[in-house]
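Single-structure report; data block below.
Reminder, nothing fancy here: chain letters follow the sequence lines and each chain counts from 1.
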Amino acid sequence: MTDFKPRFVKPADTNSYLDKSESYAIETSDFIYNKHISQSIQTQRQRLPIFNNRNHILYLLEKHQTLILVGETGCGKSTQIPQYMIEAEWPGQIGVCEPRRVAAISLANRVADEMGCLVQQDAVGYAVRFDACHNKPKIKYMTEGILLREMMADPLLKNYSAIMMDEVHERSLYTDILMGLMKKILRKRKELRLIVASATLDAKELKDFFNNNQTNEKKKDTAVIMSVEGRQYPVDIFYVAEPVPCYIQASVDAVLKIHSSKQPGDVLVFLTGQEEVERAVRLLNEHAHLLEEAQKKEKLLVLPMYGSLPYHDQMKVFKPAPNGCRKVVVATNVAETSVTISGIVHVIDCGFVKMKWYNTETHTDSLVTLPISKSSADQRAGRAGRVRSGKVYRLYTEEFAAKLALSTPPEMVRSNLTFPVLQIKALGINNILKFNFPSPPPVQNLKSALEILYALDAIDIQGELTAPMGFHMAEFALDPLYSKVLLASGDFDCSEEILTIISMLQVETVFTKPSTGASIIKAKIQKRLFEVEEGDLITYLNVFNGFVQSEMSQGYCHKNFLNYKSLKRVVEIRNRLEKMLKNYDVPIVSSIRSTEAIRKCLVKGLFPNAAYLHHSGVYKTIRGDIELYVHPDSVIYTIPQPQWVIFCEVVHTTKLFMRDLTVIDNEWLLELAPHFYYKTTFHE
DNA sequence: GAGCACTGC
């Protein structure tokens, strides 16, 4: 039999690639234990690595418009720099953008603490969706989307004297839009300062992007790079000597090897998806059981961690393991940036990640498993060095590692661009090809976004935003197909119902799925009670109405296997959207007669996503003749297949699956989207 | 019979 057990080797020169010093409590995104809690705030602040650079940073900000700040996690950049600027009596507001809500909120709280003031009331505030400060704090933490929205009202961001963009290396859609716009604003407002905080590797490109040395007389650089040390313990890196045939098995073996070597410390395993995580957990539990019986060893506590894991189960990974027990967390990429688990000393990295890619030919998103980038590998490794020196076991060879791309492709080059293009146009950039994309997306993607926006009547033939439709659509933080449906709902006398449906589509499923016991069947039966043959969207409408009729009771949710928290969020989102519709004078009315008006209204925006049942028994898109399958979660899956459907999204995993389906009449496509569908299409 | 991770009103 082949020996599947990975044999790890240590590369020649790396003792540690992370610098040696103490860990510190602050990190942007999360809550972790502050071991210096007993020290005074001032002492704590001065212990931060960035403190030594305080004056230099202030000096560079005086001399340069853009400061590219390269700093590892925990150096304190996102909490300290705004405070240094305040202490130096910097005028105006300082805005700090974070990719995640929790980061914006927790940073604001932390800084308010340090400044001895109240968050949202004094000098420090935050603004995230549903929760914004109404005063003008000196330091304002916010999500990237909020700043973009502020730009729509105030294109030169006149309230701000400085903007700091954090975690830029993650390169979200918003990061790239903001960077393109900031470049433009910086040219117009010479006194404005921009701090771009990023992990290593991409600093030079960022500097080149923002450098504006051609326009000033002395050809002086307007952008400058500075690095700040992080606070990490050293992490030893090990690679496998030979490629492993199966990284799930290899990760299990690696955990058991660490465990039997009796080195202390918890283990974090990176795999790519839920299925892999569950399989590894199962295998580990089987082995752990055998081990315990064979030898009276320290126990293994094996825990899964992934995004769709119920909240209660997610919380388990944050609890310290009981005495005499080693915690092993098997996680997807959530553990790379979004959550920090304390006590990790060993990291096992499979070297792969699942990523969404937009396919221009099929107009679909594919979820593909790809090798991670070098910066991602470093990020994962860094998770081992937070409490003491750690070890990372990479389940790939050193040669494989050498070939990894430097950084992950930005979301902008691998996304459906209808939403970003609409946003950029709403910010006054008509010629999208002239927009300063930090990484230009494929022209085909841009083209197909423009086609859809034109078909939705958001832009005219010249590519200019239509008034009022295009402008109104851009105000919604929604897929333009959905904002179109919302704005059309008044004409179909069903805005009440459409508001509910679109809001329901904004949350992860509202149905809870028990994983064990008789409740699996019970949950299915309860779900069946909401189901209607018109499809998933009308089913969601029933669920929401039932919830409202129960006076939003938690008991009702429990009885019907519905997620109470999600439904409460739907209520919030719905209220928001309703307010916006009222602003645009869309009448809030209900269609009591039948679901036909609702489904027609859905066609008004979702018409590009139409499919028909081919005589082969498989669905095909009208646009492009792509074969599609009904997702097993859909109510359509269990009933006789209807002839015509529209879908909300396609996921490309093992097959192309349509999700969130609605049964329609093909005549409606001709009636409501004659510019998109010709009669001939239907007669082949 | 299938499920990377975020965010914006």
Side-chain angles (χ1 to χ4, degrees), chain A residues 29 97-104 127-132 142-152 167 170-178 270-278 304-309 331-339 350 352-357 365-370 372 376 379 408 411 414-415 419-420 422-423 426 472-480 482-483 486-487 499 502-503 506-509 511 513 515 524 569 572-584 629-634 637-638 651-659:
Chain A
S29 36
C97 295
E98 296 290 329
R100 279 172 293 278
R101 291 165 55 102
V102 268
V128 297
R129 174 161 86 153
F130 296 140
D131 195 358
M142 63 197 128
T143 44
E144 294 170 330
I146 295 275
L147 190 67
L148 195 73
R149 228 129 272 282
E150 289 188 6
M151 280 184 184
M152 288 188 186
E167 313 278 357
E170 289 183 21
R171 297 293 295 273
S172 73
L173 273 180
Y174 281 104
T175 311
D176 280 28
I177 299 178
L178 283 178
F270 282 102
L271 295 176
T272 71
Q274 179 180 340
E275 204 182 309
E276 288 179 12
V277 167
E278 276 167 1
M305 178 73 195
Y306 46 82
S308 59
L309 194 72
T332 62
N333 228 25
V334 264
E336 191 180 301
T337 47
S338 304
V339 298
C350 76
F352 287 85
V353 69
K354 270 187 190 165
M355 231 190 296
K356 227 177 179 182
W357 277 87
D365 278 321
S366 306
L367 204 51
V368 284
T369 306
L370 293 169
I372 54 172
S376 189
Q379 181 77 20
T408 311
E411 220 182 332
R414 51 186 179 87
S415 294
F419 178 70
L422 184 63
Q423 298 289 311
H472 288 175
M473 278 172 68
E475 290 284 325
F476 289 90
L478 292 173
D479 184 323
Y482 295 156
S483 37
L486 275 172
L487 288 165
L499 276 167
I502 301 295
S503 306
Q506 301 311 303
V507 298
E508 284 294 305
T509 177
F511 298 106
K513 268 196 178 174
S515 49
K524 273 190 185 163
R569 255 194 79 208
E572 263 188 342
I573 294 168
R574 194 184 183 284
N575 288 338
R576 267 306 160 103
L577 294 174
E578 185 176 345
K579 257 188 217 155
M580 291 181 72
L581 284 191
K582 281 179 179 161
N583 273 342
Y584 301 140
Y629 294 82
V630 176
H631 193 281
D633 279 345
S634 171
Y637 193 78
T638 50
V651 285
H652 191 169
T653 47
T654 51
K655 282 187 219 160
L656 285 168
F657 290 107
M658 302 179 278
R659 297 181 59 174

Only counting residues at least two apart or in another chain, list the ones meeting salt bridge (charged side-chain N to carboxylate O under 4.0 Å, His left out) with Lys655(A). none

Protein within reach of the bases, or only the backbone? For nucleotides 1-7 of chain B, mark each nucleotide 5' to 3' as B, S or -, using heavy atoms under 4.0 Å. BBBBBSB

Could you grab the distance from atom OG of Ser376(A) to atom CD of Glu170(A), nearest 0.5 Å is fine? 10.0 Å

Contact class for Leu148(A) vs. all strands (heavy atom < 4.0 Å): base, sugar-phosphate, or nothing? nothing

Side-chain touch Asp365(A)/Trp357(A), heavy atoms, less than 4.5 angstrom: no

Using a 4.5 Å cut-off on heavy atoms from C-beta on, say whether the side chain of Leu148(A) contacts that of Gln423(A). yes

State plainly whether the residues Arg576(A) and Glu572(A) are in salt-bridge range, i.e. N to O under 4.0 Å. no

